[in-house]
There are 2 protein chains.
Amino acid sequence: MNLKTATEIGKCLSNQTRFQILEWLKEPEKHFPPHETLKHFNDGVCVTYIQEKAGLSQSTISTYLTNMEKCGLLISTRHGKWSYLKRNEKTIKEFTDFLT
Amino acid sequence: MNLKTATEIGKCLSNQTRFQILEWLKEPEKHFPPHETLKHFNDGVCVTYIQEKAGLSQSTISTYLTNMEKCGLLISTRHGKWSYLKRNEKTIKEFTDFLT
DNA sequence: TTTATATATCGAGATTTATCAATATGTTTG
DNA sequence: CAAACATATTGATAAATCTCGATATATAAA
């Protein structure tokens with residue numbers, strides 16, 4: 001982890017909604033309904049579910065998630081027309097190690 | 001640690017200079033000269049030394065440090081006319097625990 | 001292949017942050 | 001007390017971020 005990447009992660013963590021998303025994704029089954037198509041949470045939660053729970057516009061949440069993926073906080077996996085997001089624990093650990 | 005405080009900390013970590021200060025303060029003796037009056041780094045480093053190393057204006061750094069203290073990232077101790085800043089490892093740990 | 005659904009990107013206005021110079025406050029020293 | 005020094009606060013402008021609606025793209029379903 002370098003200073004630039006760490007700062008990009010800091011930017012993602014500087015907003016309550018984005019931070020909250022990261023918290024929700026710790027335990028997806030606790031905060032989101034199971035997806036109608038996929039029956040598991042192996043790749044996380046789809047954009048729409050996150051958007052509905054956050055209560056912000058689709059475009060805003062899409063941008064948030066894209067940026068969070070870019071700096072390594074999230075991993076995005078596409079299944080058909082859905083994008084699923086899950087935490088990237090490896091980067092999160094690198095970040096906390098860098099800070100500590 | 002709650003979401004609001006964590007987000008305030010995230011704001012501090014969203015800027016390279018502020019993040020850098022936190023890194024410098026991990027090992028003050030490695031990045032700063034010993035203070036002419038105090039001979040130790042027990043309470044950290046004075047504002048002026050941090051300001052000079054960061055290369056930003058006195059008012060900017062003062063504001064940075066004040067905010068970093070407000071959200072618990074730093075501990076400020078006054079000795080005479082100097083304010084010394086050091087990392088608040090307790091809060092930093094609470095933050096990384098909250099994130100993990 | 002048209003239509004519907006999910007996600008991404010663009011453009012714009014409102015809000016927040018970055019950063020400074022100027023000034024104020026607090027503390028020490030002559 | 002006056003001068004000097006360290007730090008904090010204020011006021012201002014430029015830059016960045018927030019957030020949306022509109023629109024584009026990708027994929028699936030009819």
Side-chain angles (χ1 to χ4, degrees), chain A residues 3-4 7-22 25 32-38 41 43-71 73-86, chain B residues 3-4 7-22 25 32-38 41 43-71 73-86:
Chain A
L3 186 65
K4 190 167 183 332
T7 305
E8 290 306 311
I9 291 176
K11 283 183 194 170
C12 288
L13 302 179
S14 72
N15 169 294
Q16 286 201 221
T17 301
R18 287 189 298 257
F19 212 130
Q20 179 86 83
I21 290 169
L22 228 36
L25 291 178
F32 300 96
H35 198 270
E36 31 185 306
T37 305
L38 249 56
F41 287 105
D43 290 318
V45 179
C46 73
V47 178
T48 303
Y49 283 8
I50 295 173
Q51 186 249 309
E52 283 168 355
K53 188 158 178 85
L56 294 178
S57 76
Q58 186 269 322
S59 63
T60 297
I61 295 299
S62 176
T63 304
Y64 281 6
L65 297 175
T66 299
N67 289 337
M68 291 170 83
E69 194 205 350
K70 266 185 193 150
C71 72
L73 278 176
L74 296 180
I75 294 170
S76 171
T77 312
R78 214 178 228 275
H79 288 282
K81 57 183 171 178
W82 294 281
S83 277
Y84 293 81
L85 282 308
K86 68 176 171 187
Chain B
L3 185 65
K4 190 168 183 331
T7 305
E8 290 306 311
I9 291 176
K11 281 183 193 169
C12 288
L13 302 179
S14 73
N15 170 292
Q16 287 201 219
T17 300
R18 287 188 299 255
F19 211 130
Q20 179 86 81
I21 289 170
L22 227 36
L25 291 178
F32 300 96
H35 198 270
E36 30 185 307
T37 305
L38 249 55
F41 287 105
D43 291 318
V45 179
C46 74
V47 177
T48 303
Y49 283 7
I50 295 174
Q51 187 249 308
E52 282 169 357
K53 187 158 179 85
L56 293 179
S57 77
Q58 186 267 323
S59 62
T60 296
I61 295 298
S62 177
T63 304
Y64 281 5
L65 296 174
T66 299
N67 289 337
M68 290 170 82
E69 194 205 350
K70 266 185 194 151
C71 72
L73 277 175
L74 295 180
I75 294 170
S76 171
T77 312
R78 214 177 228 274
H79 288 282
K81 56 182 170 179
W82 294 280
S83 277
Y84 293 82
L85 281 308
K86 68 176 172 187

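Since this is a predicted model, take the numbers as computed values, not measurements. Residue numbers start from 1 in every chain, and the chains themselves are labelled A, B, ... in the order their sequence lines are given, proteins ahead of strands.
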Verify the contact: side-chain N or O of [X] to OP1 or OP2 of [N], cut-off strictly under 4.0 Å; return yes or no.
X       : N      : result
B:Arg18 : C:dA18 : yes
A:Tyr64 : D:dT19 : yes
B:Ser57 : C:dC20 : yes
B:Thr48 : D:dA6  : no
A:Lys11 : D:dT17 : yes

Give one of base, sugar-phosphate or nothing for A:Leu56, where a contact means two heavy atoms less than 4.0 Å apart.
sugar-phosphate

Which part of the nucleic acid does A:Thr60 contact within heavy-atom distance under 4.0 Å: base, sugar-phosphate only, or nothing?
base

Expressed in angstrom and rounded to an integer, what is the separation of [X] atom [atom1] from [N] atom [atom2]?
X       : N      : atom1 : atom2 : answer
B:Glu52 : D:dT7  : CD    : C1'   : 13 Å
A:Trp82 : C:dT5  : CH2   : P     : 11 Å
B:Tyr84 : C:dT27 : OH    : C1'   : 13 Å
B:Ile61 : C:dC20 : CD1   : C1'   : 12 Å
A:Phe19 : D:dC18 : CZ    : C1'   : 19 Å
B:Leu74 : D:dA8  : CG    : C1'   : 16 Å
B:His79 : C:dT27 : NE2   : P     : 14 Å
A:Met68 : D:dC18 : CE    : C1'   : 15 Å

Backbone N/O of B:Lys11 and side chain of B:Ser14: donor-acceptor pair under 3.5 Å
yes

Measure from the side-chain N and O atoms of A:Arg18 to the backbone N and O of A:Gln20, and report whether any donor-acceptor pair falls under 3.5 Å.
no

For the side chain of [X], starting at C-beta, report the closest nucleotide among [options].
X       : options                : answer
A:Thr66 : D:dT7, C:dT19, C:dT9   : C:dT9
B:Arg78 : D:dT27, C:dT27, D:dA8  : C:dT27
B:Lys81 : D:dA6, D:dA8, C:dT7    : D:dA6
A:Asn15 : D:dC18, D:dT27, C:dT19 : D:dC18
A:Ser59 : D:dT19, C:dT9, D:dT9   : C:dT9
A:Ser62 : C:dT7, D:dT7, D:dC18   : C:dT7

With a 4.5 Å cut-off on side-chain heavy atoms, are A:Leu13 and B:Ile9 touching?
no

Knowing that exactly one of B:Ile50, B:Val47, B:Thr77 qualifies, which makes a side chain to side chain contact (heavy atoms under 4.5 Å, CB included) with B:Ser83?
B:Val47

I would like to know whether A:Leu85 and A:Met68 meet side-chain contact (heavy atoms from CB on, under 4.5 Å); could you show each step before the answer?
CA-CA 10 Å; A:Leu85 282 308; A:Met68 291 170 83; over 6 Å; no

Residue whose closest nucleotide on DNA chain D lies nearer the 5' end, B:Gln58 versus A:Gly80:
B:Gln58

Can you label the angle between the A:Tyr84 ring and the A:His79 ring as parallel, tilted or perpendicular, going by 30° and 60°?
perpendicular

